[in-house]
Amino acid sequence: MRAWIVASLLALAPAVFAQSDPINRAGQFPQFRDLSGLPGGGFGVTPEGLPSIRGALALSTPIGFSLGNGIFDIAFASRSYDNSPQFINTGTAGRRRSDGTGQGLIGVQTPLGLFTAGYELISSKLDQTYNAQLQLPLAWKKAGISLGCQNVTNRPEAAGDHVAGEDGMSRSFYAAGTYEVADGDYLTLGVGNVRFKGVFGSACAMITPQVKGMLEYDTISWNTGVAWSLGRLGDFQNTETTLFFGYVGMHRATVSVSFAF
């Protein structure tokens, strides 16, 4: 019954919450909304920091869990300019029909808790940003709290250095807490500044043993999607490949693939 409820809500969400605000303009942080460049961005992370579809998952917002020591993630995303799945550009620059983001993450155990360093390639002009997140060393089995910063070096925030209005402050600090309300189902609530203009949150739940649904509010828009675990990378332990399909702003189709190991 829970799976049918989640699937129905995800199917209805684009119609209910559809928004018409343009995304490729100043203050909308378009590239940070394809992938967060943070733990849980397009793939699941357990309270212990392991990659798993049964972990907490979001799209463009932080979660309360950081990656475990020595865990890596590499992911790529493409977002269509509308609700059609047009993820590959074949025309000239003036006829681009999609945009993309790449991310790389690594987890490290520190005396202060699990720390994740993140890297994002956010435009065809090779704009790059660096992110950091620390999960506090609290002895909680089903919950976690993390503190972090997106775009530590404060590079202009999205879609190229020469986009009008894109040269302002974009370094964003945040705190996020995640709690497992049922096996594989999580709620996250957080607060931040700049990119995260106040209170954000997300919810994710298992639909099948390999599929998870997600709904989030990133303070700019509602986003939704479904993640599908494609299984382990070969014979390696604690690895997972995740395919994610959803909507940014509830009407811009996005797809990503994540390799966590």
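Rounding to the nearest 0.5 Å gives a distance of 11.5 Å between CD1 of Ile220 and OG1 of Thr61. Note that CG of Asp185 is 7.0 Å distant from SG of Cys204, once rounded to the nearest 0.5 Å. Leu35 CG to Leu59 CG: the interatomic distance, rounded to the nearest 0.5 Å, is 6.5 Å. Atoms OG1 and CZ, from Thr242 and Phe259 in turn, are 9.5 Å apart once rounded to the nearest 0.5 Å. Between the CZ atom in Phe43 and the OG atom in Ser229 there is a gap of 12.5 Å [rounded to 0.5 Å].
Within the structure, ring pair (Phe, Tyr, Trp, His ring centres under 6.0 Å) contacts touching residues 52-71 (residues at least two apart or in different chains) are Phe65-Tyr186. Within the structure, every pair that satisfies the side chain to side chain donor-acceptor pair (under 3.5 Å) test and touches residues 35-52, not counting sequence neighbours, is listed here: Thr46-Glu48. Among pairs with a residue in residues 215-228, those fulfilling salt bridge (charged side-chain N to carboxylate O under 4.0 Å, His left out) read Arg33-Asp218, Arg195-Asp218, at least two apart in sequence or across chains.
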**Study point:** side-chain contact (heavy atoms from CB on, under 4.5 Å) evaluation trace for Val199 with Leu189
**Key:** CA-CA 7 Å; Val199 178; Leu189 191 65; 3.8 Å; yes
Exercise for review: List the steps, then state whether side-chain contact (heavy atoms from CB on, under 4.5 Å) holds for Asn154 with Ser170.
Suggested key: CA-CA 6 Å; Asn154 196 35; Ser170 59; 3.4 Å; yes
Review point. Is there a side-chain contact (heavy atoms from CB on, under 4.5 Å) between Thr129 and Thr153 once you walk through the steps?
Key: CA-CA 7 Å; Thr129 62; Thr153 58; 5.8 Å; no
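Linking Ile, Leu, Val, Met, Phe, Trp and Tyr residues whenever their side-chain heavy atoms come within less than 4.5 Å leaves Phe261 and Leu67 in two separate clusters. Taking hydrophobic clusters as Ile, Leu, Val, Met, Phe, Trp and Tyr residues chained together by side-chain heavy-atom distances below 4.5 Å, Phe72 shares a cluster with Ile74. The hydrophobic clustering, which links ILVMFWY residues whose side-chain heavy atoms are closer than 4.5 Å, places Val108 and Leu114 apart. Both Leu57 and Val248 belong to a common hydrophobic cluster when Ile, Leu, Val, Met, Phe, Trp and Tyr are linked at side-chain heavy-atom distances under 4.5 angstrom.
Scanning both residues, Thr219 and Gly198, for their nearest heavy atoms gives CG2-C, 4.1 Å. Taking all atoms of both residues into account, the shortest heavy-atom contact from Pro47 to Gln135 is O-NE2, 3.5 Å. The heavy-atom pair separating Thr101 from Ile122 by the smallest distance is CG2-CG2, 4.4 Å. Between Ser146 and Ile63, the closest heavy-atom pair is CB-O, 3.9 Å. Closest non-hydrogen pair, Phe115 versus Thr110, comes out as CB-CG2, 3.8 Å. In terms of heavy atoms, Gly249 sits closest to Asn223 at N-OD1, 2.8 Å.
Looking at Glu120, its side chain never comes within 3.5 Å of a backbone N or O of Gly104 through a donor-acceptor pair. Checking side-chain atoms of Ser66 against main-chain N and O of Thr116 turns up a donor-acceptor pair under 3.5 Å. Between the side chain of Arg171 and the backbone N or O of Val152, at least one donor-acceptor pair lies under 3.5 Å. With hydrogens and angles disregarded, no donor-acceptor distance shorter than 3.5 Å links the side chain of Asn193 to the backbone of Ser172. Between the side chain of Lys212 and the backbone N or O of Gly55 there is at least one donor-acceptor pair closer than 3.5 Å. A donor-acceptor contact shorter than 3.5 Å links the side chain of Asn131 to the backbone of Gly37.
With a 4.5 Å cut-off on side-chain heavy atoms, Tyr119 and Leu105 do not count as touching. Under the 4.5 Å side-chain criterion, counting only non-hydrogen atoms from C-beta, Val226 is in contact with Val211. Contact of the Pro51 side chain with the Ile71 side chain is registered, since non-hydrogen atoms from C-beta on lie closer than 4.5 Å. For the pair Arg252/Tyr247, no side-chain contact is recorded, criterion being any heavy-atom separation below 4.5 Å from C-beta on. Glu240 has its side chain within reach of Ile53: a pair of non-hydrogen atoms, C-beta onward, lies under 4.5 Å apart.
Through direct or relayed side-chain contacts under 4.5 Å between Ile, Leu, Val, Met, Phe, Trp and Tyr, Phe200 connects to Leu38, Tyr174, Phe196.
For the side-chain contact (heavy atoms from CB on, under 4.5 Å) test, residues two or more places apart in sequence or in another chain that qualify with Trp140 are Leu138, Ala143, Ile145. With sequence neighbours excluded, the residues forming a side chain to side chain donor-acceptor pair (under 3.5 Å) with Thr188 are Thr178, listed by chain and number.
Between the side chains of Asp73 and Ser258, at least one donor N or O sits under 3.5 Å from an acceptor N or O.
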